[in-house]
Amino acid sequence: MKLTKKAAAAMLAMAMMASLAACGGSAEETTAATTTAAAAETEAEAEEAVTEAETEAETEGEATEAAGGVIVMGTNAEFEPWEYHDGDAIVGIDPEIAQAIADKLGMELQIEDMAFDAIIPSVVSGKCDFAMAGMTVTEERKVSVDFTDTYAESSLVLLVQADNTEITGPDSLADHKVGAQTGTTGDLTATELVGDGNVERYNSFFEAVQSLKQGKIDAVLLDSAPAKVFLSQNEDLKQAGDAMNKEEYAIAVQKGNTELLDQINGAIDELQADGTIDEIMNKYIPAE
Ligand code: GLN
């Protein structure tokens with residue numbers, strides 16, 4: 001990314017803090033990194049801070065992507081058709097749109113796969129430049145990150161075992177065990193519907209669905225397109241009731257990074273106008 005030296009110094013310091021925290025670095029070390037960037041008042045000092053930070057980051061074995069030609073996307077590749085593994089590759093709607101955006105920005109796309117609830121923290125800390133993970137725009141998330149314009153719509157649906165006659169939709173969920181991937185809107189909505197004690201949280205919706213098939217839980221609450229994929233692969237499951245709500249997906253960037261936000265919004269605009277986003281979407285979600 002193209003950044004001013006001061007911004008680069010600050011971001012590097014944040015990345016270092018994150019890596020220090022991850023490596024169990026001491027509080028003193030973390031403070032030192034913050035002070036270096038904060039005290040970098042003059043251009044020369046800022047430059048020094050960048051060099052110092054770069055050297056230290058290299059020593060730590062951390063890449064300094066943000067200052068180079070690489071743009072890093074944080075995602076959770078367990079969410080077909082939005083992002084999933086195909087052999088060693090991470091494929092799906094989001095990686096393809098992200099690649100098209102990176103091409104427009106003239107940057108090399110790098111994808112970091114992580115747990116869904118680690119994605120927003122990774123953007124906040126600067127470990128990733130942006131998050132793209134079939135991620136719904138919510139008021140709560142807006143407190144930590146900024147969202148681009150939306151690029152897709154979704155809704156939540158309930159999956160149950162095919163022979164379930166008790167659960168016919170959200171109204172008949174009370175006292176039933178509902179599974180979801182941790183930190184997702186499925187998790188949050190399930191918690192509202194059945195209470196914290198009746199929600200089972202999993203690292204992925206795949207695990208939640210396995211648990212449903214084994215009868216350990218009564219339903220899974222998840223986004224419509226992944227639900228369709230699970231239904232197509234599991235004859236012993238069905239959807240209970242209609243889609244529940246409307247959600248919108250967008251890309252998240254670090255709060256206040258208007259430069260990147262504007263660049264991505266510009267790219268989304270163009271990719272919507274020339275039909276690229278529709279084309280990618282239709283490839284993975286065939287019309288009924
Ligand atoms: N759209 C849901 C959310 O943002 C689920 C996303 C996901 O599991 N990747 O919470």
Side-chain angles (χ1 to χ4, degrees), residues 72-86 90-98 111-124 127-128 130-159 170 178-194 196 199-212 217 219-231 233 237 239 242-253 255 264 268 277 280-281 284-285:
V72 184
M73 157 177 160
T75 198
N76 172 247
E78 304 274 355
F79 202 56
E80 187 177 352
W82 298 98
E83 43 268 318
Y84 56 103
H85 293 275
D86 181 11
I90 293 175
V91 299
I93 299 170
D94 287 340
E96 286 208 24
I97 296 177
I111 300 179
E112 293 284 338
D113 187 19
M114 59 191 80
F116 184 78
D117 58 351
I119 300 175
I120 289 195
S122 81
V123 170
V124 171
K127 182 173 178 257
C128 295
F130 69 94
M132 194 171 189
M135 185 176 280
T136 306
V137 178
T138 69
E139 290 307 314
E140 198 191 346
R141 289 173 185 162
K142 276 191 198 168
V143 174
S144 329
V145 289
D146 287 340
F147 281 103
T148 62
D149 298 335
T150 61
Y151 64 91
E153 282 191 347
S154 177
S155 53
L156 288 174
V157 303
L158 266 178
L159 292 186
V178 183
Q181 180 170 348
T182 308
T184 58
T185 47
D187 174 0
L188 302 175
T189 308
T191 307
E192 278 167 26
L193 288 170
V194 296
D196 195 48
V199 178
E200 293 292 332
R201 300 183 175 90
Y202 299 87
N203 286 331
S204 67
F205 277 117
F206 177 81
E207 285 170 47
V209 165
Q210 295 316 303
S211 205
L212 171 63
I217 52 173
V220 174
L221 188 56
L222 79 168
D223 302 48
S224 45
K228 234 178 234 171
V229 173
F230 284 122
L231 285 174
Q233 296 167 348
L237 300 182
Q239 181 178 329
D242 296 328
M244 282 170 54
N245 60 353
K246 276 269 165 287
E247 301 192 352
E248 292 192 314
Y249 291 171
I251 296 171
V253 302
K255 232 178 168 24
I264 296 179
I268 291 176
I277 290 185
I280 295 171
M281 225 75 106
Y284 287 91
I285 309 178

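One-based numbering, in listed order, for ligands and for the atoms of each.
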**Q** If you measure every N/O of Phe79 against every N/O of ligand 1, is any gap under 3.5 Å?
**A** no
**Q** Short list, please: which atoms of ligand 1 are under 4.0 Å from a heavy atom of Asp223?
**A** 1 (N), 2 (C), 5 (C)
**Q** I'd like to check whether Gly134 has a polar contact with ligand 1, where a contact means an N/O of the residue lying under 3.5 Å from an N/O of the ligand.
**A** yes
**Q** Is there a donor-acceptor contact under 3.5 Å from the side chain of Thr75 to the main chain of Met132?
**A** yes
**Q** Please determine, by modelled atom types, if Glu200 and Ser211 share a side-chain donor-acceptor pair under 3.5 angstrom.
**A** no
**Q** So Phe79 and Tyr249, would you call those rings parallel, tilted or perpendicular, with 30° and 60° as cut-offs?
**A** tilted
**Q** According to salt bridge (Lys or Arg N to Asp or Glu O under 4.0 Å), who are the partners of Glu140, at least two apart in sequence or on a separate chain?
**A** none
**Q** Check each atom of ligand 1 against the heavy atoms of Phe205 and keep those under 4.0 Å away; list them by number with element.
**A** 8 (O)
**Q** Answer with side chain, backbone, both or neither: which part of Trp82 has a heavy atom less than 4.0 angstrom from an atom of ligand 1?
**A** neither
**Q** Side chain to side chain contact (heavy atoms under 4.5 Å, CB included) between Gln181 and Asp223: does it pass, once the steps are laid out?
**A** CA-CA 11 Å; Gln181 180 170 348; Asp223 302 48; over 6 Å; no
**Q** Contact between Lys228 and Val157 at the side-chain level, heavy atoms closer than 4.5 Å - yes or no?
**A** no
**Q** Looking only at non-hydrogen atoms, which of Ser204, Ser155, Ala133 approaches atom 9 (N) of ligand 1 most closely?
**A** Ala133
**Q** Would you tell me which option among Gln181, Arg141, Met132 has the nearest heavy-atom contact to atom 3 (C) of ligand 1?
**A** Arg141
**Q** I'd like to check which ligand 1 atoms, numbered from 1 as shown, lie under 4.0 Å from a non-hydrogen atom of Met135.
**A** 4 (O)
**Q** Any idea how Phe230 and Phe206 line up, ring-wise: parallel (<30°), tilted (30 to 60°), or perpendicular (>60°)?
**A** tilted
**Q** Can you name the atoms of ligand 1, numbered from 1 with element, that are less than 4.0 Å from a heavy atom of Thr184?
**A** 5 (C), 8 (O), 10 (O)
**Q** Under 4.0 Å, counting heavy atoms only: does Glu78 come that close to any atom of ligand 1?
**A** no
